[in-house]
Number of protein chains: 2
Amino acid sequence: MNDVARTAGVSLKTVSRVVNGEPSVTPDLAARVRAAVESLDYRPHLGASMLRRNDRRTRMIGVLLEDVANPFSGALHRAIEDAARDRGVHVLTGSLDEDEQRERDLARAFRQRQTDGLIVAPAGSDQSYLSRFTGTPIVFVDRPPSGFGADTVVSTNVAGAAGAVRHLVAHGHRRIAFLGDYQRRATARERFRGYLQALGHRPGPVVHDVRGEVAAERATLALLRRADAPTALFTGQNLITIGAVRALQRIGLHQSIALVGFDDFPLADLLDPPVTVVAQHPARMGRAAADALFERIDGHNGPPREIRVATTLIPRGSGEIRIAPAR
Amino acid sequence: MNDVARTAGVSLKTVSRVVNGEPSVTPDLAARVRAAVESLDYRPHLGASMLRRNDRRTRMIGVLLEDVANPFSGALHRAIEDAARDRGVHVLTGSLDEDEQRERDLARAFRQRQTDGLIVAPAGSDQSYLSRFTGTPIVFVDRPPSGFGADTVVSTNVAGAAGAVRHLVAHGHRRIAFLGDYQRRATARERFRGYLQALGHRPGPVVHDVRGEVAAERATLALLRRADAPTALFTGQNLITIGAVRALQRIGLHQSIALVGFDDFPLADLLDPPVTVVAQHPARMGRAAADALFERIDGHNGPPREIRVATTLIPRGSGEIRIAPAR
DNA sequence: CTACTCCAAGACAACGTTGTCTCTCGATGT
DNA sequence: ACATCGAGAGACAACGTTGTCTTGGAGTAG
């Protein structure tokens, strides 16, 4: 800035004024300064600027997701980015991969960088460490936190799951199996709750803690070999649904066993049969989370809110297979 | 820091020493300081620290992608994040949506934030504005820049496309259609070049500037209605492939018209028939781009490099449909 | 017992900005 | 012609930290 001032033949402060667009500079001086800035490729030192201004805002938020490479996280991320863009805010991201330690490390690191706020899809089962993060607003998305209260945006897991199972019941099914993710995940528990709710006291076979496509395929095959094999499947998560589809295709039952999956996935409509799902709306969730966060950043100070984003049942074929008349 | 010093009964500088882990502090003093830091929730002001240290490193890089919500960008992003994590560097991301203006704006904004480097999947057709970005290393990924030279990581588009088309030829096809993305995109041009290369002087019907699934479906239907309808399709991009699959299924030709798509996509193996593709390797590309960037950040100063990541032909079924004996 | 060495801890300045105060100079009104 | 006013421009200090130099006191050798 000194160099610019010297080149333009003005004082340091005048350069500062021009750079910050303050009005009280005569046009020709301003032009000279701008030319000098240009020719010297001067760029202000943000650190110094923030220091002097005592500006606590970095106009940057941190977002902790399960894995930026998976479609659900990607959609969340994109929606958050769009909301941030509207406010001239940039986004730092990190993938947690279900790793509790990484969640804590990244949260700390982002806070250290003075991000104005944090949006977290928690990986760990305990977020109480966040209670020391005073002054940094936090919003949770996709999964509720535990041990710490803050705004939370989640799908209507119970209602969505119950709706899916009722849909199967409406098509004549009585033995409806549940295949779910790790029970330590709150979403898995909620979806199971919805399943139970819809079936009352007569649930079908249940498999918990299924993790990943391959495990899901195996679990599905095992289920269908049982004497009391179900006539319909309700799968509690993306990859489980896909694993189930693979299993059904493999043993040629894809046209006779009904299937509804929780969470939509690309090309579900191109499979044979097209897969009926309870779609979540990650874009809406991301937008809602970002809106809530920015409200907090702007000083809103109420008690923690829970924002539920409704799911949508999308009938595509696999969920409308009626129970086989005889068996 | 002053408060901490007072609380611990030491001088400012000693606190600084403890915070920065300098060895020359007696253990009990250090303990007192740490306790004070804890109780006051003191966190150093990064801006001030950078200012004094004259540290130009923010340990932050910027990544400009087409759209963080699409799987290809997501995989790139993830690989870059992992490479960055190994070095304790964080990642700022932005989605460009093919918008030239946004590319320039975000590049400038990230540079303004003093990111240590930039990885760009260019949206615009001219990157010459970057030549003014002295001091900020830049690496391009997925698409080569124009008007500006820097390290670039791209797929072997020509060879990959040629291989795909030769694969179809090997299965007896002679009238092989090409459906490609906007020609202004370098990748589209290269893939077309590969197609021509494989077919010599007898190319089949060609449709350029197909954008998106719906347009691709329409274009495919139109192609197949022609008198000289092709017996095989080569599609130059993800969404075009999917559109083509839809079209083929719709008119019931999915078992008789061969198809090879450029770029893999999730569930391609679950479709009917499973779709043969030329897979790109976004994870490798992201890793290579990040490695190149960090080399530059660490001072490497050679001429711009072009890093080509080989594609892989994955035969799954749709590309192995032989030409119908009579027609 | 003195003189020297060494090391922990403190004092001070400086990093690049900007808020605030002050100064200068030209314009205006009487 | 003189007093008053206002606006544009500069001088100066301060933001929170750390590099460098200085100080003080304990330890050690002669």
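Each chain gets a letter, A, B and so on, in the order the sequences are listed, and its residues count up from 1.
Between A:Leu65 and A:Val63 there is a side-chain heavy-atom pair separated by less than 4.5 Å.
Within 3.5 Å, a donor on the side chain of B:Lys13 pairs with an acceptor on the base of D:dG19, or the reverse.
Contact annotation for A:Ser16: base contact, defined as any heavy-atom pair under 4.0 Å involving a base atom. Residue-level contact check: B:Val19 touches neither bases nor backbone, having no heavy atom under 4.0 Å from any strand. Among the heavy atoms of the strands lying under 4.0 Å from A:Leu29 are primed sugar atoms or P, OP1, OP2 only; no base atom is included. Among the protein residues, A:Leu46 comes within range of no part of the nucleic acid, since none of its heavy atoms lies under 4.0 Å from any strand.
Distance from the side chain of A:Val10 is smallest to D:dG10 among C:dG16, D:dG10, D:dG19. You'll find that the side chain of B:Arg52 is closest to D:dT18, out of C:dT17, D:dT18, C:dT18.
Counted by atom type alone, B:Ser95 and A:Glu81 present one or more donor-acceptor pairs between their side chains at under 3.5 Å. There is no side-chain donor-acceptor pair under 3.5 Å between B:Arg143 and B:Asn157.
Taking the six-membered ring where the residue is Trp, B:Phe110 and A:His90 present perpendicular rings, their angle passing 60° and hence far from 30°.
Summary of the strand contacts: B:Thr26 and B:Leu51 both lie near DNA chain C, and taking for each the nucleotide with the nearest heavy atom, the more 5' one is attributed to B:Thr26. Of the two residues near DNA chain C, B:Ser11 and A:Arg17, the one whose nearest nucleotide lies more 5' is B:Ser11.
Using a 4.0 Å cut-off between charged nitrogen and carboxylate oxygen, A:Asp41 and B:Arg111 count as a salt-bridge pair.
Rounded to whole Å, the distance from CG on A:Leu12 to C1' on D:dG8 is 16 Å. As a whole-Å value, the separation of A:Arg53 CZ from C:dT20 P is 13 Å. We find that CZ of B:Arg6 is positioned 14 Å from P of C:dG10, with the value rounded to whole Å. Taking atom CG on B:Asn2 and atom C1' on C:dC12, their separation rounds to 14 Å, with Å as the unit. A straight line from CE of B:Met50 to P of C:dG16 spans 11 Å, rounded to a whole angstrom. Taking atom CE of residue A:Met1 and atom C1' of nucleotide C:dT18, one finds them 8 Å apart after rounding to whole Å.
A:Thr14 has no side-chain polar atom (N or O) that falls below the 4.0 Å cut-off from OP1 or OP2 of D:dA9.
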